[in-house]
Amino acid sequence: MKKIPSTYSRRSVLNSIALGGAAMITGIANAQTAATTLPQFTSQSDATRLASDEAFWREVATYYERAEGIVNLEHGYWGKMAKPVQETYIEATRLVNKQLSYYARRDFGEDAQVSSARVAQALGVEQNEIVLTRNATESIHNLIRQYHKIESSDAVLYADIDYPSFQDTMQWLADTNKAKAVVVNLPGRVAQEAIFSAYLQAFDANPNLKLMLITHVSNQHGLVVPVARIAAEAKRRGIDVICDCAQSWGLVDYKIADLGVDWAGFNIHKWIGAPVGVGALYVRQGTLEKIRPYPGETDPDNNRLYKRVHTATSNFAAIMAIPAALDFHAAVGGANKEARLKYLRGLWTQEAETMAHIEVLGGADEESWTGMAAFRLRGETSPSAVNALQRRLEQEFGIFTVARFELSSGACIRVTPQVFNTPNELAQLVRALRQLKA
Ligand SMILES: Cc1ncc(COP(=O)(O)O)c(C=O)c1O
């Protein structure tokens with residue numbers, strides 16, 4: 001067993017206790033109870049083999065509080081904090097609420113720097129290439145809104161699998177600059193090569209493309225887009241790329257270098273499992289010039305990434321808990337988690353594919369797979385039919401999922417297990433799918 005300490009900056013906390021006296025002692029002592037032991041994963045554990053090791057994942061599951069009464073297969077919204085992360089967060093909340101501005105004005109800056117450095121390290125980039133935000137939306141919206149290289153003769157590109165609000169913001173950017181918006185529509189079930197070809201076709205047909213949005217993992221059906229290949233081709237043609245990594249970081253195990261993009265937005269509250277309210281913006285060194293500072297801010301030398309966001313008062317405790325979330329994620333192992341989630345997906349999709357009345361959506365080859373996937377009753381693509389199906393799954397079968405509506409191929413039910421879901425729960429979904437036959 002490996003000892004993982006609770007990890008918001010002990011130094012700042014200790015500094016404040018030295019200065020603050022007895023009133024703070026309870027907070028510090030409680031904070032230290034957040035220290036915990038995590039399962040130690042042997043170095044020879046191969047992630048694929050470990051994916052079906054039920055004893056191992058049962059142990060991981062003990063680190064999460066489970067809700068009774070419903071099989072929740074909707075973990076794409078945000079991530080459950082593991083118990084050690086939750087404890088760290090609660091203790092950090094107590095500390096902040098007790099010390100207020102005395103902590104925030106004196107020590108929080110240093111703690112936030114520690115959190116931001118940990119995020120940069122986990123993503124394999126320099127600290128000055130990362131700035132913390134409140135969520136992925138803040139990161140990506142700022143990139144799109146503050147990109148200032150579009151002229152009326154240019155075109156921008158987005159796809160039906162992109163996050164709906166970001167499609168709207170890209171369309172807004174085009175409209176505001178009287179530029180053209182190009183939309184790539186992908187089939188509901190698609191493999192890497194076909195995804196790449198669809199983007200390539202759009203590039204060929206629109207030589208005036210200046211900026212594109214690309215989503216690493218779609219929030220509609222968990223499809224993995226071959227970002228590195230597409231971004232390399234975009235770069236060759238002088239197209240700037242904004243990459244949405246909101247759903248991918250922690251669901252898939254990677255570093256930013258694997259994507260080959262200059263600009264990306266993340267949250268830390270989905271698959272990394274930090275408290276809600278923390279995200280990150282990545283801008284590669286030397287590329288700040290194309291992204292204006294936040295309105296009203298200045299950065300004449302274009303070397304201050306933090307000038308691209310203006311987050312103001314935020315959830316201090318959530319930011320302080322980021323290192324604990326990264327520690328827990330690392331202890332489980334990013335590759336192990338990705339493999340387990342894909343394994344859980346396979347437990348239901350492989351059965352569903354044998355059912356003529358079910359259409360499975362998302363990746364058509366394993367490189368395009370994540371733990372998240374989607375389905376619908378064959379031919380039933382309308383939002384009302386899919387909403388009715390979601391209600392039926394919940395009310396008749398005790399399984400909670402979510403309806404998604406943005407794919408050009410029609411609406412679908414998204415199914416997203418987490419590491420603490422069991423094969424029995426996926427079997428319950430499979431039984432329900434069989435009974436959905438009209
Ligand atoms: C692909 C994708 N992009 C962006 C977002 C927005 O993330 P956030 O809520 O952190 O702003 C989500 C959230 O579901 C998402 O799945």
Side-chain angles (χ1 to χ4, degrees), residues 47-48 51 155-163 166-167 170 181-207 209 211-249 251-262 264 335 338-339 341-343 345-346 348-350 352-354 358-376 378 381 404 406-410 412 414-416:
T48 312
V156 305
L157 178 146
Y158 59 86
D160 69 327
I161 61 149
D162 292 333
Y163 191 63
F166 302 165
Q167 294 187 43
M170 287 295 281
V182 175
V183 184
V184 171
N185 285 319
L186 294 175
R189 191 85 194 267
V190 62
Q192 295 285 282
E193 204 52 45
I195 303 171
F196 180 65
S197 303
Y199 278 91
L200 212 59
Q201 255 178 35
F203 290 174
D204 286 342
N206 299 279
L209 276 172
L211 176 71
M212 70 179 289
L213 171 67
I214 193 165
T215 301
H216 188 196
V217 171
S218 172
N219 79 312
Q220 300 290 304
H221 50 0
L223 181 76
V224 181
V225 172
V227 170
R229 279 181 78 191
I230 296 169
E233 190 56 37
K235 194 165 248 178
R236 210 174 60 73
R237 296 167 188 245
I239 306 167
D240 290 318
V241 178
I242 293 175
C243 186
D244 173 3
C245 297
Q247 199 62 258
S248 66
W249 192 29
L251 177 63
V252 180
D253 189 39
Y254 65 94
K255 304 273 189 213
I256 289 182
D258 300 327
L259 303 179
V261 295
D262 290 346
E338 176 182 345
L341 293 170
K342 279 180 164 178
Y343 172 78
R345 168 217 169 106
W348 76 267
T349 56
Q350 279 159 18
E353 273 159 15
T354 67
I358 300 285
E359 186 184 358
V360 176
L361 301 159
D365 53 0
E366 273 208 51
E367 283 102 8
S368 316
W369 275 32
T370 56
M372 173 187 278
F375 76 95
R376 59 183 162 231
R378 200 168 289 284
T381 58
R404 300 286 81 182
E406 293 300 313
L407 295 178
S408 55
S409 66
C412 60
R414 183 175 81 186
V415 177
T416 318

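The first residue in the sequence is number 1, and the count goes up from there. Everything numeric in this text was worked out from a predicted model, so none of it was measured.
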How close do A264 and C245 get, heavy atom to heavy atom, and via which atoms?
CB-SG, 4.1 Å
Between H216 and Y254, does the ring centroid distance fall short of 6.0 Å?
yes
With sequence neighbours excluded, what pairs up with R189 under the salt bridge (Lys or Arg N to Asp or Glu O under 4.0 Å) test?
E353
I'd like to check V227 versus V261 (side-chain heavy atoms, cut-off strictly below 4.5 Å). Are they in contact?
yes
Minimum side-chain heavy-atom gap T370-L341 below 4.5 Å:
no
Contact summary for L251 and G371, nearest pair of heavy atoms
CD1-N, 4.0 Å
Under 4.0 Å between a Lys/Arg side-chain N and an Asp/Glu carboxylate O for D262 and K235?
yes
Nearest 0.5 angstrom please: D162 CG to D160 CG, how far?
8.0 Å
Can you name the closest pair of heavy atoms from A339 and A51 and give their distance?
O-CB, 3.6 Å
Do M212 and V182 make a side-chain contact, defined as non-hydrogen atoms from C-beta onward lying under 4.5 Å apart?
no
When you compare the side chain of L211 with that of I242, does any pair of heavy atoms fall below 4.5 Å?
yes
Go through the structure and list residues passing salt bridge (Lys or Arg N to Asp or Glu O under 4.0 Å) with R229, not counting sequence neighbours.
E193
If the condition is side-chain hydrogen bond (donor to acceptor under 3.5 Å, both in side chains), which residues does R345 pass it with, not counting sequence neighbours?
none
Is there a donor-acceptor contact under 3.5 Å from the side chain of E338 to the main chain of D253?
yes
The ring pair (Phe, Tyr, Trp, His ring centres under 6.0 Å) partners of Y163 (sequence neighbours excluded) come to F166
CD of Q350 to OG1 of T354, rounded to nearest 0.5 Å, is 10.0 Å
Out of I214, V225, I256, which one pairs with C243 under the side chain to side chain contact (heavy atoms under 4.5 Å, CB included) rule?
I214
Contacts of T48 meeting side-chain hydrogen bond (donor to acceptor under 3.5 Å, both in side chains) (sequence neighbours excluded), chain-then-number -> none
Smallest separation among heavy atoms of S408 and L186, with atom names:
OG-O, 3.7 Å
Nearest-0.5 Å distance, CG of residue L407 to SG of residue C412:
5.0 Å
Nearest 0.5 angstrom please: I161 CD1 to L361 CG, how far?
12.5 Å
Give the minimum heavy-atom separation between W348 and A373, together with the two atoms involved.
CZ2-CB, 3.7 Å
Going through the distances and angles, do W369 and T349 end up as a side chain to side chain contact (heavy atoms under 4.5 Å, CB included)?
CA-CA 11 Å; W369 275 32; T349 56; 4.0 Å; yes
Mind checking whether Y199 and L157 have side chains closer than 4.5 Å, heavy atoms only?
yes
State whether the side chain of E359 and the backbone N or O of R376 hold a donor-acceptor pair below 3.5 Å, judged by distance alone.
no
Polar contact flag, side-chain donor to acceptor under 3.5 angstrom, S218-R414:
no
Do R237 and D204 touch side chain to side chain, with heavy atoms closer than 4.5 Å?
yes
Can you measure from CD (E233) to CZ (R236) and round to the nearest 0.5 angstrom?
4.0 Å
Which heavy atom in A335 sits nearest to a heavy atom in A47, and how many Å separate them?
O-CB, 3.6 Å
Going by side chain to side chain contact (heavy atoms under 4.5 Å, CB included), S368 matches just one of L223, V190, V217. Which one?
L223
The complete set of salt bridge (Lys or Arg N to Asp or Glu O under 4.0 Å) pairs with one or both residues in residues 363-374, sequence neighbours excluded, reads none
Looking at CZ of F203 and CZ of F196, how far apart are the two atoms once the value is rounded to the nearest 0.5 Å?
8.0 Å
Decide yes or no on side chain to side chain contact (heavy atoms under 4.5 Å, CB included) for Y158 and V184, but give the supporting numbers first.
CA-CA 6 Å; Y158 59 86; V184 171; over 6 Å; no
